[in-house]
> 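Pasting a structure below so you can have a look.
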Amino acid sequence: VQLQASGGGLAQPGGSLRLSCSGSGFMDYFSIAWFRQAPGKEREGVSCISSNGDRTYYAASVKGRFTVSRDNNKNTVYLDMSNLKTEDTAVYYCAARDQADVCGVFGISRGSFGDFGQGTQVTVSS
């Protein structure tokens, strides 16, 4: 399945954004994860959701501020980001793995996922 992230933009500190990850086909059997990469930094895992949405995982830096969800009828996964901080500025990517709950086993690990596709820029600035 090919994925496309969208919904990025400019937000003020404390603001909110919703990112979407749309799939080219059925996503029902895929774990989906969000990663981000800031300039000069390694790509890091942000959040992950199991194939049926019953399990979610978050990096410590975003827990309590970000919420991941999915609508398999629409082949779309969402990342709702609130109370944004300047350090959330990055390009955000989504990625898929054909395993029901890969993050429950391996965490939000870059090595567990394949192609990331095109990301979406999130800039948090006043």
> Hey, what do you get for CE (Met27) to CG (Asn73), rounding to the nearest 0.5 Å?
12.0 Å

> Which heavy atom of Asn75 sits nearest a heavy atom of Asp28, and at what distance?
OD1-OD1, 4.4 Å

> How long is the straight-line distance from CH2 of Trp34 back to CZ of Phe113, given to the nearest 0.5 Å?
12.5 Å

> Please name the pair of heavy atoms, one in Ser31 and one in Val102, separated by the smallest distance, quoted to 0.1 Å.
OG-N, 3.1 Å

> Judged by atom type as modelled, is there a donor-acceptor pair below 3.5 Å linking the side chain of Thr120 to the main-chain atoms of Ala5?
no

> Evaluate the side chain to side chain contact (heavy atoms under 4.5 Å, CB included) criterion for residues Phe35 and Glu44: first the C-alpha distance (whole Å), next the side-chain angles of each, then the deciding distance (0.1 Å), finally the verdict.
CA-CA 5 Å; Phe35 291 80; Glu44 63 171 346; 6.0 Å; no

> If the plane angle is over 60° it's perpendicular, under 30° parallel, otherwise tilted; pick one for Tyr92 and Phe66.
tilted

> Would you check, one step at a time, whether the test side chain to side chain contact (heavy atoms under 4.5 Å, CB included) holds for Ser125 with Leu10?
CA-CA 7 Å; Ser125 174; Leu10 176 64; 4.2 Å; yes

> In Å, rounded to the nearest 0.5 Å, how long is the span from CG of Leu3 to OG of Ser22?
8.5 Å

> Do the non-hydrogen side-chain atoms of Val122 and Leu19 ever get within less than 4.5 Å of each other?
yes

> For Val46 versus Val62, what's the shortest heavy-atom pair and its separation?
O-CG2, 3.6 Å

> Within a 6.0 Å radius of atom CD on Gln121, are there more than 12 heavy atoms belonging to other residues, nucleotides or ligands?
yes

> Minimum heavy-atom separation for Tyr57 and Ser47, please, with both atom names.
O-OG, 2.9 Å

> For Tyr78, is the NZ or CZ atom of Arg70 found under 6.0 angstrom from the centre of its six-membered ring and inside 45 degrees of the ring axis?
no

> Looking at Glu87, I'd like to know if its CD atom is crowded, meaning that more than 12 non-hydrogen atoms belonging to other residues, nucleotides or ligands lie closer than 6.0 Å.
yes

> Same cluster for Val124 and Tyr58 if Ile/Leu/Val/Met/Phe/Trp/Tyr side chains link at under 4.5 Å?
yes

> Shortest non-hydrogen contact from Cys48 to Ile108?
CB-CG1, 4.0 Å

> Between Arg65 and Asn83, is there a donor-acceptor pair closer than 3.5 Å when you use the side chain of the first and the backbone of the second?
yes

> Take Phe26 and Val1 through the test side chain to side chain contact (heavy atoms under 4.5 Å, CB included) and record every step on the way to the result.
CA-CA 7 Å; Phe26 294 114; Val1 62; over 6 Å; no

> Are any non-hydrogen side-chain atoms of Lys41 and Arg36 less than 4.5 angstrom apart?
no

> Look up atom OG in Ser51 and atom OH in Tyr29, then write down how far apart they are to the nearest 0.5 Å.
9.0 Å

> Taking only residues two or more places apart in sequence, or in another chain, which ones meet Asp101 in a salt bridge (Lys or Arg N to Asp or Glu O under 4.0 Å)?
Arg55

> Can you check side chain to side chain contact (heavy atoms under 4.5 Å, CB included) on Gln37 and Glu42, steps first, answer last?
CA-CA 6 Å; Gln37 188 165 18; Glu42 294 289 320; 5.7 Å; no

> With rounding to the nearest 0.5 angstrom, report the OH to CD distance, Tyr93 to Gln4.
11.5 Å

> Flag the pair Pro13 / Thr86 as yes when at least one side-chain heavy-atom distance between them is below 4.5 Å, and no otherwise.
yes

> Under 4.5 Å between any side-chain heavy atoms of Asp88 and Met81, yes or no?
no

> For Ala11 and Ser16, work out which heavy atoms get closest and say how close.
CB-O, 4.5 Å

> Using 0.5 Å steps for rounding, measure from the CD atom of Gln12 to the OG1 atom of Thr123.
13.0 Å

> Give a yes or no on whether the backbone of Lys74 and the side-chain of Thr76 come within a donor-acceptor separation of less than 3.5 Å.
yes

> On the six-membered ring of Phe116, is Arg43 placed so that its NZ or CZ lies under 6.0 angstrom from the centre and within 45° of the ring axis?
yes

> Group every Ile, Leu, Val, Met, Phe, Trp and Tyr by side-chain heavy-atom contacts under 4.5 Å, then state whether Phe30 and Leu79 land in the same group.
yes

